[in-house]
Participant: 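Here you go, one structure.
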Amino acid sequence: MIDEELVQLLTPEGLRNVNPDYESTLGRDEIVGLYRDMVIIRRLCNESTSLQRQGQLALWAPVQGQEAAQIGAGRALAPKDFSFPSYREHGVAWCRGVPPEDMLRVFRAVTTGGWDPQKYRHSVPTVVLGNQTLHAVGYAMGVQRDGAEEAVLTFFGDGASSQGDVLESFVWAASFNAPVVFFCQNNQWGISTPSSVQSRIPLSHRAHGFGFPGIRVDGNDVLAVYEVTRRALENARVGGGPTLIEAYTYRIGAHTTSDDPTRYRIDAEVEVWKHRDPLERVKSLLVREYKVNKATFEKVAAEAESLALKLRDDVLAMGRPDPITMFDHAYAAPHPLVDEGRREMVELGISGGSH
Amino acid sequence: MIDEELVQLLTPEGLRNVNPDYESTLGRDEIVGLYRDMVIIRRLCNESTSLQRQGQLALWAPVQGQEAAQIGAGRALAPKDFSFPSYREHGVAWCRGVPPEDMLRVFRAVTTGGWDPQKYRHSVPTVVLGNQTLHAVGYAMGVQRDGAEEAVLTFFGDGASSQGDVLESFVWAASFNAPVVFFCQNNQWGISTPSSVQSRIPLSHRAHGFGFPGIRVDGNDVLAVYEVTRRALENARVGGGPTLIEAYTYRIGAHTTSDDPTRYRIDAEVEVWKHRDPLERVKSLLVREYKVNKATFEKVAAEAESLALKLRDDVLAMGRPDPITMFDHAYAAPHPLVDEGRREMVELGISGGSH
Amino acid sequence: MASTTMTMAKALNEGLRRAMEKNPKVLLMGEDIGRLGGVFRITDGLQKDFGEDRVIDAPLAESAIVGTAVGLAIRGYRTVCEIQFDGFVYPAFDQIVSQVAKLHKRSEGVYTMGLVIRIPFQGGIGAIEHHSESPESYFAQTAGLRVVSCATPNDAYWMIQQSVEHDDPIIFCEPKSRYWEKGEVDLEGAPRGLFEAEVRREGRDVTVIGYGSSVKTMLRAADTAELEGTSLEVIDARSVAPLDLDTMARSVQKTGRLVVVQEAPHTASIGSEIVAELTERCFYSLRAPGLRVSGYHVPYPPSRIEDDFRPSVDRILDAVDRTMGYDS
Amino acid sequence: MASTTMTMAKALNEGLRRAMEKNPKVLLMGEDIGRLGGVFRITDGLQKDFGEDRVIDAPLAESAIVGTAVGLAIRGYRTVCEIQFDGFVYPAFDQIVSQVAKLHKRSEGVYTMGLVIRIPFQGGIGAIEHHSESPESYFAQTAGLRVVSCATPNDAYWMIQQSVEHDDPIIFCEPKSRYWEKGEVDLEGAPRGLFEAEVRREGRDVTVIGYGSSVKTMLRAADTAELEGTSLEVIDARSVAPLDLDTMARSVQKTGRLVVVQEAPHTASIGSEIVAELTERCFYSLRAPGLRVSGYHVPYPPSRIEDDFRPSVDRILDAVDRTMGYDS
Ligand SMILES: Cc1ncc(C[n+]2csc(CCOP(=O)(O)OP(=O)(O)O)c2C)c(N)n1
Ligand SMILES: Cc1ncc(C[n+]2csc(CCOP(=O)(O)OP(=O)(O)O)c2C)c(N)n1
Ligand SMILES: [Mg+2]
Ligand SMILES: [Mg+2]
C-alpha cells in the first residue's frame with residue numbers, strides 16, 4: 001500500500017501516521033465507539049451470511065473488509081445530513097440508526113425497501129448501479145434552495161463508477177456547486193471484474209476532470225475515512241461544493257451469497273488484505289495508546305453477540321407478507337388497475353384482502 | 001484568448017506562434033488547400049441558410065465560425081480512418097468526400113441519412129447527443145481486433161459533453177486503450193446554454209480524470225487543429241490509445257435556422273469572435289508569408305460560388321420521396337408488418353408501390 | 001370574463017405559471033427553458049419572474065434531469081421536467097422506469113414521487129429525426145406511472161396544473177403540432193378530472209378514440225363521414241394511462257363499432273390496449289372488431305413524407321368503412 | 001446420436017460456442033461473462049477457448065455495451081451482448097431504440113445491425129428487485145427490432161444461433177427460471193424458423209398462447225384442464241415480435257377461445273397485441289373475448305410473494321373458465 005496520495009492516519013499495524021493535511025480529531029471514547037460499530041456490523045454481517053446459508057434469506061451482500069470505510073463515513077454524517085446508499089452499505093445504515101432487522105427485510109425478500117428513509121435520513125437501497133448518485137445531487141439542490149446547512153453523502157462502488165448516471169452526477173454537482181459528497185468504495189471488484197477494467201488510474205482522479213476535488217483515502221483506516229469525510233461534508237455544508245472520496249478497500253467476502261469468488265481471484269490476494277483488517281488496527285491502537293482493557297473488548301463482543309441473536313429472532317419472525325400488499329403504495333392515489341388486481345386476488349382466494 | 005494551455009500556431013492576426021510541442025508540418029499548397037476547404041464550406045453553409053429561408057430546406061445547422069475546427073480535423077484524417085459525426089460536421093463531411101447535396105438531404109427532410117457511410121468512411125448524422133461516441137469506441141475496438149493501423153475520430157459539442165454516453169465512451173476508450181480520438185467542438189453554446197453550465201474548467205481536462213490526454217486547441221486556428229489532430233490520430237493508430245481534443249471555438253450563427261440567438265447572447269460577444277475569424281487569419285498568413293496573390297483567392301471564391309450554385313440546383317431537384325420508401329430498410333430481412341404497411345399504402349392509392 | 005382565447009403553448013405557460021404561484025415548491029427544469037423560454041417557448045418569461053432557482057437551465061443530460069428531479073422530490077420539491085423532444089426521453093428511461101415509477105413503492109409510501117415529465121410528442125411539424133416520436137406506450141405499460149395528453153388549450157391549462165398537484169409521477173404528452181392552435185380557455189371553471197376521457201363529438205355509428213394531435217384529425221374525419229352519412233362519436237382519451245374505459249365502453253356499447261387512432265406503430269401500443277379492453281367489456285355489443293389506425297411499423301420517416309405515416313383523415317375513414325363493412 | 005439431454009443454460013452455451021466457431025466475427029460482450037462465465041454461467045468456458053478479444057469482459061455500463069456493439073457492427077462484427085438481468089437493460093434503452101433499431105434505416109441499408117441482446121427475463125427465481133422483469137413489450141413496440149424467446153433447451157440451442165446469423169437486431173429473452181431445466185436437444189436437425197410459433201400441445205376448446213417461462217405453466221394448466229374435461233391448445237409464441245399470427249389464428253379459428261399468458265403487466269403489452277390482432281383476424285370465430293393473464297399493474301413485488309404476481313396454473317385455469325363461460 002505504498003501510495004503517496006493515499007490519506008492514511010493509522011497503519012495496518014495500528015501506528016499513528018502523521019499527515020500534514022489531516023489530523024485525527026477523535027479521542028479515546030470516540031475511537032472505542034467506532035471500533036464498537038465495526039465489531040457489531042461485522043458480527044451482524046456474519047449472522048446474515050449464516051441466515052442466508054440456512055435458507056432464511058434470499059440473498060446477502062457481505063460487508064466484511066469494508067467496515068472502516070462504511071463506519072468512518074457513516075459516523076462523519078451530521079444528524080441533519082442525508083445519505084443515499086447503494087445495496088451494500090449496512091455499516092452506514094447502522095450509523096444512521098436503521099434497525100438491523102430493517103436492513104434485512106429486502107434480503108428476506110419481503111420488501112424492496114425496508115425502513116423509513118425520511119426517519120433515518122438514509123434512503124432506501126438502490127440496486128440499479130449509480131441511479132442514487134443523481135438522487136443525491138437533486139436532494140442537495142433542494143438543500144441549496146432551502147438555504148439549509150446540510151450535506152448529502154452518496155455511495156457507489158468501483159464498478160458503478162463507469163455508469164453514465166454517476167458521471168452525469170459529477171457534471172451536475174460541479175455545475176450547481178451542490179452540497180454533495182460522493183463516496184466510492186473501491187473494493188477492487190465489481191463481481192468478477194477487477195477495478196482496473198473500470199479505470200487505469202485512481203478513481204479519485206476522476207473528479208479533477210469535472211472540476212472538483214477527489215481524495216483517495218485508505219478505506220481500511222477508520223480514522224482517516226472519518227476525517228476525510230467529515231471535512232468534505234463540512235465543506236459542502238458551507239457552500240464549498242462537491243468532493244469525491246475514493247475509499248481504497250477490499251471486499252473480503254463474496255460479492256453476494258450467490259457468488260463464487262474462487263472463480264476469479266486468488267486466495268493470496270484475499271490473504272494480503274486480511275492483514276490489513278480494519279478492526280485489528282484500531283484494536284492495536286486502543287490497546288497501545290489508550291490502554292483499553294480486555295473487559296471493554298469483551299463487552300463490545302458481547303453486545304455484538306446479543307444484537308446478532310436478536311437479529312436472528314427478528315428475521316425468523318418475519319413471515320411471508322400477505323400477497324395483497326403488492327398493491328399497496330404502487331401508486332399514491334387510487335388507480336383502477338390496482339383496484340382491479342386487488343379484487344381479482346381476493347376473488348381467487350389468494351388473500352382475504354383485509355389489508 | 002490568453003490561455004496558456006491553448007495550442008495555437010497562428011494568431012488571430014495570422015502571425016506564426018512558436019509552440020515547443022507542435023510544429024506546423026504544412027507547406028504552401030497544403031495551407032492553400034485548407035483555406036480553400038474553409039471558403040467552400042462557408043459558402044455552402046451560407047447557401048444552405050438561404051435555401052432554408054426560401055423554404056427549400058426544413059432546417060439548417062450553420063457551421064460558421066467553426067470552419068477551422070472542422071477542416072483541420074477532417075484533413076488530419078487518413079483515408080483509411082473512420083469518422084463519426086454529430087449533426088453539424090459539414091466541414092468534416094466535405095473533407096471525407098461526401099457530396100454537398102448528400103449532406104443536405106437530411107435537412108431537406110427526404111432522408112434520415114444522406115450518404116453511404118462506408119464509401120466515405122464517415123458515419124451518418126447522429127442527432128441524439130453523444131450516442132455516436134460509443135459507436136466510435138466500438139468501431140475502434142473492431143480496428144484493434146483486425147490488427148489494423150487505423151484510427152477513429154468522433155465529434156461532439158460542449159453541450160453533449162455532459163451526456164452519460166460521452167462519459168462512458170471515455171471509460172471504455174481508456175479501458176480498451178482504443179484507437180479513438182474524441183473531438184469536442186466547444187463552440188461556447190449548446191443552443192442557449194453557455195458551456196460554463198456544462199463545465200467550469202476546460203473540457204479538455206475531463207480526459208485526465210479518465211487516464212488519457214486531453215488537449216485544448218485554438219479551434220479557429222486550422223494549422224493548430226490540423227497538427228494536434230494528426231498527432232492524436234497517429235498516436236492512436238500505433239497503439240497509443242485515446243486522446244480528447246477540445247477545439248475552443250465559437251458558433252457565429254444561430255444554433256439552427258429555428259433558433260433566435262439574440263434571446264440569449266449579446267452582440268458584443270459575437271463581434272469579438274468575428275475578429276477571430278478562422279478564414280481571415282489563414283488568408284493573412286498566405287498573403288504575408290507565401291505571397292499568395294489575388295488571383296488565387298479569386299479562383300477559390302469562384303470555385304466556391306459554382307459549388308454553391310450546383311448545390312442549389314441539386315437541392316431543388318430533390319423531389320418528395322415516394323412515401324412507400326419509408327418501408328425500405330426498416331429491416332434487413334422481410335418483416336410481416338412492413339409488408340402489411342406497404343400493401344395498405346398501395347391499396348389506399350398513396351403510392352404505386354413500384355419501388 | 002374568465003374565459004379567454006389563447007394558443008395551447010400559451011395555455012401551458014399560464015398553467016405552469018399558476019402552478020408555480022400556488023406552490024413555492026414547484027420547480028421547472030430542463031434544457032434551454034430559462035433564458036430562452038424553451039425551444040417551443042412554453043416556459044417563456046418564467047425564469048424572469050420566478051428566478052433561476054425555480055426555473056433551472058439544466059446541463060445537457062436527460063437522465064440527470066429526471067434523476068435530480070427524483071432527489072428534489074425526496075426533499076419535498078415538485079419538479080416539472082421538460083424533455084426537449086420526444087426522441088430525447090430515452091436517455092432518462094432507466095431513471096423513469098426503475099426509480100420514478102418504483103420509489104413510492106420501494107419507500108413503502110414514504111417518498112412521494114410527485115413530478116411531471118413534459119414531453120412534446122407526435123409529429124407533424126416537419127422536423128428532422130427523433131423530433132416526432134410517440135413514446136407514450138412505453139410509459140403506459142410501466143406500473144407506477146401515469147400518462148396524460150392534452151388536445152385543447154383549455155385542457156392544456158388545467159391538466160398541467162392538475163398534473164403538478166398530483167402525487168403520482170405523470171408523463172405529460174404535449175401534441176407539439178397543436179401548440180400554435182388557439183382555443184377558449186376557461187380560467188375559472190372547475191376542470192374535468194385528470195383521468196377522465198371526454199366525448200368531443202357525439203355520434204351513432206362508430207366510436208373513434210384517440211388523443212393528442214389525433215383528436216383534431218378525428219373530428220375532421222367525423223365532419224367528412226357525416227357528409228357521407230356515417231355518424232362518428234369522437235372520444236379524446238385525455239388520460240392514456242389509466243384509460244377511462246367506462247366512458248369508452250359506454251360509447252362502444254352504443255355504437256357497436258370501434259376505431260382507435262394513434263401515431264405510434266400499433267404493436268403493443270395503447271391502441272392494442274384499448275381494443276383488447278373494449279373487446280372484453282363490450283364483447284356482445286361489438287359488431288366488428290376494433291380497428292387501429294396507427295403509424296406504420298417503421299422508424300418515423302423523413303418529414304417530407306410524414307403525412308403518409310401519421311393517421312390521416314383518409315386512413316381513419318378507410319378504417320371506418322372497413323368496420324362498417326362487417327355484417328351486424 | 002445427434003440428440004442429447006441438457007439444460008437450457010448448457011444449450012445456450014453450446015449454441016453460442018457453435019455460432020462462434022462458424023463465424024470468427026462473432027463476439028460476446030457483457031459484464032462478468034469472461035472469467036466468471038456470466039452470473040448464470042451461460043458463457044462458461046468460452047473466454048478460455050476463444051480468448052479475451054472475442055469474449056469481452058465489459059466495464060460496468062449497459063449503454064456502452066450496446067453502443068460499442070453498434071460500432072462493432074459497423075466494423076463488420078456481430079456482437080452478442082449479455083445484459084446481466086432484465087432490470088439493467090434500461091440504461092441501454094436509448095442506444096437500443098434510437099440507434100440499434102434505426103441505423104439500418106438511417107444508413108439506407110448500408111449498415112447491418114446484426115447484433116443480439118441477450119436478456120435473462122421474467123421472474124421465479126426468488127431474486128431481489130430489478131432481477132425479475134419482463135421488458136419484452138417495450139422492444140416489441142419498437143420498429144426496427146425483433147424479439148424472440150426460447151422455452152426449451154432445443155429452442156435455446158437453435159434460436160440463439162439463428163439470432164446471431166440474422167441480419168436484424170434481435171432482443172433474445174431467456175426465461176431465467178428455466179435455465180436449469182433439462183430437455184432433449186437435437187444437434188443436427190433442421191431448426192424451426194426463428195419467427196414461427198409452435199403448437200406445443202393440441203387441443204379443442206381454448207387456445208392458450210404465451211412464451212418463455214409461461215410455456216411450461218401453460219402446459220401444466222393444460223394437464224389439469226384435461227382432467228376437468230377442457231382441452232387446451234398450447235402455443236409457444238417463440239417470436240414475440242413479429243408474431244406468427246397465422247399459426248395463432250389457425251388455432252383460434254378452431255377453438256373459438258383465446259387466453260394469452262405473460263408475466264408483464266397487461267397494459268399495452270404483447271398480450272394486448274395478440275388479443276387485438278386475433279380479434280381482428282378471427283372475429284367471426286371467437287366465441288368469447290380474448291382474455292389476458294398477466295402480472296399485475298404494480299412494480300414487481302418482493303420475491304416472497306412473486307408466485308402470486310406471476311401467472312399461475314390457477315389463474316390460467318380461472319381465465320379458461322371465464323372464457324368457457326361465454327355463450328357460444
Ligand atoms: C445497472 C446495473 N447493471 C448491472 C447490475 C448487476 N450488478 C450488481 S452488483 C454489480 C457489481 C457492482 O460492483 P461495484 O459497483 O464495484 O460495487 P460492489 O458490489 O463491489 O460493492 C453488478 C454488475 C446492476 N445492479 N445494475
Ligand atoms: C439527447 C439529446 N437531448 C437534447 C437534444 C436537443 N438538442 C439538439 S442540439 C442541442 C445542443 C447541443 O449543443 P452542443 O453539444 O454544444 O452542440 P452544438 O449544437 O453547439 O454544435 C440540444 C439540446 C438532442 N439532440 N439530444
Ligand atoms: Mg466494487
Ligand atoms: Mg456547442
Side-chain angles (χ1 to χ4, degrees), chain B residues 58-59 87 105-112 125 127-131 157-165 167 190-194 197-199 255 258-260 263-265 318-331 335-338 340-342 344-345 347-351, chain C residues 30-41 44 47 56-65 67 84-85 87-92 94-95 125-132 265-267 293-309 312 314-315 317-319 322:
Chain B
L59 186 82
Y87 48 82
R105 286 185 204 285
V106 75
F107 294 100
R108 185 137 168 116
V110 298
T111 177
T112 51
V127 172
V128 182
L129 293 166
N131 280 177
D158 47 302
S161 74
S162 294
Q163 284 284 353
D165 271 15
L167 299 164
I191 308 186
S192 74
T193 310
V197 166
Q198 322 290 347
S199 185
H255 170 69
S258 301
D259 178 41
D260 173 10
R263 289 180 71 106
Y264 55 80
R265 69 186 189 185
M318 283 174 207
R320 179 173 187 268
D322 185 332
I324 206 144
T325 55
M326 71 176 73
F327 299 103
D328 298 345
H329 310 305
Y331 288 86
H335 190 291
L337 292 175
V338 170
E340 184 184 303
R342 257 201 207 96
E344 183 184 314
M345 198 173 266
E347 276 166 22
L348 288 168
I350 289 167
S351 167
Chain C
E31 294 156 10
D32 307 295
I33 67 165
R35 215 166 345 159
L36 185 65
V39 293
F40 288 110
R41 308 292 185 264
D44 197 23
Q47 190 181 64
I56 306 172
D57 267 319
L60 216 164
E62 286 75 10
S63 189
I65 289 173
Q84 202 163 78
F85 283 91
F88 309 137
V89 71
Y90 307 123
D94 178 46
Q95 282 285 349
I125 63 161
I128 61 168
E129 207 186 354
H130 310 289
H131 291 68
S132 309
H266 76 233
T267 300
V293 182
S294 318
Y296 293 108
H297 193 75
V298 298
Y300 198 91
S303 57
R304 280 295 288 275
I305 54 174
E306 69 180 332
D307 288 346
D308 290 316
F309 173 88
S312 59
D314 278 0
R315 281 178 64 206
L317 292 176
D318 179 69
R322 274 186 288 136

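Source: prediction; values computed, not measured.
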Participant: Which atoms of B/Glu340 are under 4.5 Å from chain C, going by heavy atoms: the side chain, the backbone, both sets, or neither?
Facilitator: side chain
Participant: Side chains of C/Asp318 and B/Leu348, heavy atoms from C-beta outward: is any pair under 4.5 Å?
Facilitator: yes
Participant: Considering only heavy atoms, which portion of B/Val106 lies under 4.5 Å from any heavy atom of chain C: side chain, backbone, both, or neither?
Facilitator: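 Backbone of B/Val106 only, per the 4.5 Å heavy-atom cut-off to chain C.
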Participant: Rounded at 0.5 Å granularity, tell me how far CG in C/Leu60 sits from OG1 in B/Thr193.
Facilitator: 6.5 Å
Participant: Of all of B/Glu344, B/His329, B/His335, B/Arg105, which one pairs up most often with chain C through heavy atoms under 4.5 Å apart?
Facilitator: B/Glu344
Participant: Which is it for C/His130 and B/Asn131 under the side chain to side chain contact (heavy atoms under 4.5 Å, CB included) test, yes or no, and what are the steps along the way?
Facilitator: CA-CA 13 Å; C/His130 310 289; B/Asn131 280 177; over 6 Å; no
Participant: So what's closer than 4.5 Å to chain B heavy atoms on C/Ala64: side chain, backbone, both or neither?
Facilitator: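 Neither part, no heavy atoms under 4.5 Å.
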Participant: Using a 4.5 angstrom heavy-atom cutoff, name the option from B/Ala330, B/Ser162, B/Ala109 with the most pairs to chain C.
Facilitator: B/Ala109
Participant: Which atom names give the shortest non-hydrogen contact between B/Val127 and C/His131, and what distance separates them?
Facilitator: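 For B/Val127 and C/His131, the tightest heavy-atom pair comes out as CG1-CE1, 3.7 Å.
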Participant: Please report the closest heavy-atom contact between C/His297 and B/Val338, naming both atoms and the distance.
Facilitator: O-CG2, 3.9 Å
Participant: Do you know the tightest heavy-atom contact between C/Asp308 and B/Met345?
Facilitator: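 It is O-CE, 3.5 Å.
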Participant: For B/Ser161, what residues pass the side chain to side chain contact (heavy atoms under 4.5 Å, CB included) criterion, not counting sequence neighbours?
Facilitator: B/Phe156, B/Gln198, B/Leu203, B/Arg206
Participant: Please classify the contact of C/Ser63 with chain B as side chain, backbone, both or neither, using a heavy-atom distance under 4.5 Å.
Facilitator: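 Neither the backbone nor the side chain of C/Ser63 comes within 4.5 Å of chain B.
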Participant: Listed by chain and number, what are the salt bridge (charged side-chain N to carboxylate O under 4.0 Å, His left out) partners of C/Asp44, not counting sequence neighbours?
Facilitator: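 Expected list: B/Arg263.
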Participant: Report which part of B/Thr112 has an atom under 4.5 Å of a heavy atom belonging to chain C: side chain, backbone, both, or neither.
Facilitator: both
Participant: Taking the side chain as C-beta and beyond, is there a heavy-atom pair between B/Leu129 and C/Glu31 under 4.5 Å?
Facilitator: no
Participant: Any idea which of B/Phe107, B/Tyr331, B/Phe327, B/Tyr87 has the most non-hydrogen atom pairs under 4.5 angstrom with chain C?
Facilitator: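 Most pairs with chain C among the choices: B/Phe327.
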Participant: Going from OG on B/Ser258 to CD1 on C/Ile125, what distance comes out if it is rounded to the nearest 0.5 angstrom?
Facilitator: 8.0 Å
Participant: Identify which of C/Asp307, C/Asp57, C/Ile128 forms the greatest number of heavy-atom pairs closer than 4.5 Å to chain B.
Facilitator: C/Ile128
Participant: Spell out, as yes or no, whether a donor-acceptor pair under 3.5 Å connects the side chain of C/Arg304 to the backbone of B/Val110.
Facilitator: no
Participant: Under 4.5 Å, counting heavy-atom pairs only, tell me which of B/Asp158, B/Val197, B/Asp165 racks up the most with chain C.
Facilitator: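 When all of B/Asp158, B/Val197, B/Asp165 are compared, B/Val197 has the most.
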Participant: Might you point out which heavy atoms bring C/Pro302 and B/Thr111 nearest each other, and give the distance in Å?
Facilitator: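 C/Pro302 and B/Thr111 have their closest heavy atoms at CB-N, 3.4 Å.
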Participant: Report which part of C/Phe309 has an atom under 4.5 Å of a heavy atom belonging to chain B: side chain, backbone, both, or neither.
Facilitator: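 Both backbone and side chain.
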Participant: Measuring from atom CG of C/Leu36 to atom CG of B/Asp260, what distance do you get when rounded to the nearest 0.5 angstrom?
Facilitator: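 Going from CG on C/Leu36 over to CG on B/Asp260, the span is 8.0 Å.
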Participant: Given the options B/Arg108, B/His255, B/Glu347, B/Met326, which has more heavy-atom pairs under 4.5 Å with chain C than any of the others?
Facilitator: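 Maximum pair count with chain C is reached by B/Met326.
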Participant: Measure C/Glu62 against the heavy atoms of chain B and call it side chain, backbone, both or neither at under 4.5 Å.
Facilitator: both
